[in-house]
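Have a look at the structure below before the remarks.
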Amino acid sequence: MKLASWNVNSLRVRLPHVLDWLGSARPSVLGIQETKLTDDKFPSSELQAAGYHVVFAGQPTYNGVALLVDASIFQAPSDIQVNNPLFPDDQIRLVTATLTPVAQGVAIRVICAYVPNGSEVGSDKYAYKLRWLDALAVWVRAEAQRHPALAVMGDFNIAPEDRDVHDPEAWREKVLCSSAERERLQTLCACGLTDAFRLAEQPANLYSWWDYREAAFRRNRGLRIDLILLSQALANACRGSGIDTAPRKLERPSDHAPVWVECALG
DNA sequence: ATGTCTCAGGGACTGAGA
């Protein structure tokens, strides 16, 4: 079973890239962020034709999240939850579902998250980001107790450690890297979750996001801000993880690359 | 390099968000 997450920065623009990647990488579950689509415009038929169940929640212009679920592996998603029930929010940044295998095996709970960017340390948007993360941790703690096999994946807009940053000194205490943000991520992980990327050795300087400006991708001036957090039960079943930079090299790419983990589906 | 990309409004370009 392969779980993956990708901030596509407009699913309308990026649908061809997503369909190509579904075909080549064949993720069992793909969490998508920044669909930037209202629900009436979601490309359900194209994605269903590729063999995926679709769960989506969008709004005009900004944000929006979705889950694509391989219909040959999982039944139709159930217990769907949009946003955090503990945090009333005009912005749609979370979609959650329970996925039950078609064959034998345990159901998994998957949370797809688009964490607020935060704009700049000290700004109103930054304060909203911290409040949003505080509320997420409270809710995820409850979800983890209800669902032993839990994955929380998405664009966290937080680089967990300095080794996830191309130039840690330039980013010191800047948004995406500040101590307060990293502490929120640690609190979230204290719910019993592990950053799957660090379960095994990884190449140095492997990132998931590069600014469109300054030729950042060509110079590999990136950050690893897209994460897949696994509960103990799933972490024990993890067989590998990585970041696929190939889609970032295409014409008109998203600024993010898809991240993935492989788990033995028990 | 204030360097790019996407979206809405409006019907060419500007501003916001990232």
Side-chain angles (χ1 to χ4, degrees), chain A residues 5-21 31-43 46-47 56-66 83 87 89-95 112-133 136 153-160 164-167 169-178 180-182 184-185 207-227 243-259:
Chain A
S5 175
W6 192 4
N7 179 325
V8 298
N9 186 14
S10 169
L11 185 56
R12 185 186 68 78
V13 174
R14 228 67 67 193
L15 182 61
H17 292 192
V18 171
L19 290 170
D20 284 352
W21 198 73
I32 292 179
Q33 303 86 39
E34 285 206 88
T35 58
K36 299 186 175 180
L37 288 173
T38 49
D39 290 347
D40 58 302
K41 297 198 173 69
F42 193 87
E46 291 93 331
L47 294 164
F56 49 89
Q59 62 179 89
T61 313
Y62 304 118
N63 311 315
V65 283
N83 275 353
F87 188 81
D89 195 350
D90 294 335
Q91 304 183 29
I92 296 183
R93 295 180 172 278
L94 288 167
V95 67
C112 174
Y114 175 45
V115 175
N117 172 279
S119 185
E120 199 174 340
V121 173
S123 67
D124 290 349
K125 291 191 176 75
Y126 182 78
Y128 163 74
K129 180 180 194 174
L130 298 184
R131 283 190 288 112
W132 193 96
L133 287 163
L136 179 67
M153 60 186 189
D155 175 2
F156 282 78
N157 271 314
I158 303 171
D164 300 308
V165 181
H166 68 90
D167 184 346
E169 292 314 318
W171 282 86
R172 185 75 59 210
E173 295 303 334
K174 298 287 198 318
V175 76
L176 315 186
C177 299
S178 72
E181 292 165 82
R182 287 175 169 176
R184 262 57 174 200
L185 183 61
Y207 308 117
S208 70
W209 172 82
W210 305 258
D211 200 298
Y212 283 122
R213 295 167 286 192
E214 306 175 40
F217 181 71
R218 181 176 57 73
R219 300 157 71 194
N220 198 27
R221 298 173 62 84
L223 273 65
R224 191 175 69 90
I225 57 176
D226 298 87
L227 312 176
I243 303 175
D244 188 353
T245 57
R248 189 65 173 79
K249 299 170 184 169
L250 300 172
E251 291 291 313
R252 293 188 85 192
S254 168
D255 43 352
H256 296 253
V259 302

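Letters go in sequence order (proteins before strands), and every chain restarts at 1.
Both S10(A) and D211(A) lie near DNA chain B, and the one whose nearest nucleotide falls closer to the 5' end is D211(A). Comparing K125(A) and K36(A) by the nucleotide of DNA chain B whose heavy atom lies nearest to each, the residue mapping closer to the 5' end is K36(A).
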side-chain hydrogen bond (donor to acceptor under 3.5 Å, both in side chains) assessment of E34(A) paired with N7(A): CA-CA 6 Å; E34(A) 285 206 88; N7(A) 179 325; 3.0 Å; yes

Should Y126(A) and S178(A) be marked as a side-chain hydrogen bond (donor to acceptor under 3.5 Å, both in side chains) after you check the CA-CA gap, both sets of side-chain angles, and the distance that decides it? CA-CA 10 Å; Y126(A) 182 78; S178(A) 72; 2.7 Å; yes

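Taking atom CG on N63(A) and atom C1' on dA16(B), their separation rounds to 13 Å, with Å as the unit. Whole-Å rounding puts the R221(A) CZ to dG3(B) P distance at 16 Å. For the pair D226(A) CG and dA18(B) C1', the computed distance is 13 Å after rounding to whole Å. For the pair L223(A) CG and dA18(B) C1', the interatomic distance rounds to 13 Å; values are reported in whole Å. One atom, CZ of F156(A), and another, C1' of dA18(B), lie 18 Å apart when rounded to the nearest Å. dT6(B) atom C1' lies 14 Å from atom CD of Q59(A), rounded to whole Å. Between Q91(A) atom CD and dG17(B) atom P there is a gap of 10 Å when expressed in whole angstrom units. The CG-C1' distance, from D155(A) to dT6(B), rounds to 15 Å in whole Å.
Each of dG3(B), dT6(B), dA8(B) was ranked by its minimum atom distance to the side chain of R14(A); first place goes to dT6(B). Relative to the side chain of E214(A), the nucleotides dA18(B), dG3(B), dT6(B) differ in distance, and dG3(B) lies closest. Among the nucleotides dA18(B), dC7(B), dC5(B), the one closest to any side-chain atom of E34(A) is dA18(B). The side chain of Y212(A) lies closest to dT4(B) when the candidates are dT4(B), dA8(B), dG3(B).
Taking atom C1' in both dG11(B) and dG17(B), the straight-line distance is 23 Å, to the nearest Å. If you take atom C1' in dC7(B) and the same atom in dA12(B), they sit 16 Å apart, rounded to whole Å. dA8(B) sits 24 Å from dG3(B) when the C1' atoms are compared, rounded to a whole Å. Taking the C1' atom of each, dT4(B) and dG10(B) are spaced 23 Å apart, rounded to whole Å. Rounded to a whole angstrom, the distance from the P atom of dA1(B) to that of dT6(B) is 26 Å.
Neither OP1 nor OP2 of dT4(B) sits under 4.0 Å from any side-chain N or O of R252(A). OP1 or OP2 of dC7(B) has at least one side-chain nitrogen or oxygen of R12(A) nearer than 4.0 Å. Between S119(A) and dG17(B) there is no side-chain polar atom (N or O) within less than 4.0 angstrom of OP1 or OP2.
For the residue pair D226(A) and S208(A), a side-chain donor N or O sits within less than 3.5 Å of a side-chain acceptor on the partner.
Geometric assessment of R93(A) against the ring of Y114(A) yields a positive cation-pi assignment under the 6.0 Å and 45° thresholds.
Between the side chain of Y212(A) and the main chain of D255(A), a donor-acceptor pair closer than 3.5 Å is present.
Residues E181(A) and K129(A) are paired through a salt bridge, judged by an N-O separation under 4.0 Å between the basic side chain and the carboxylate.
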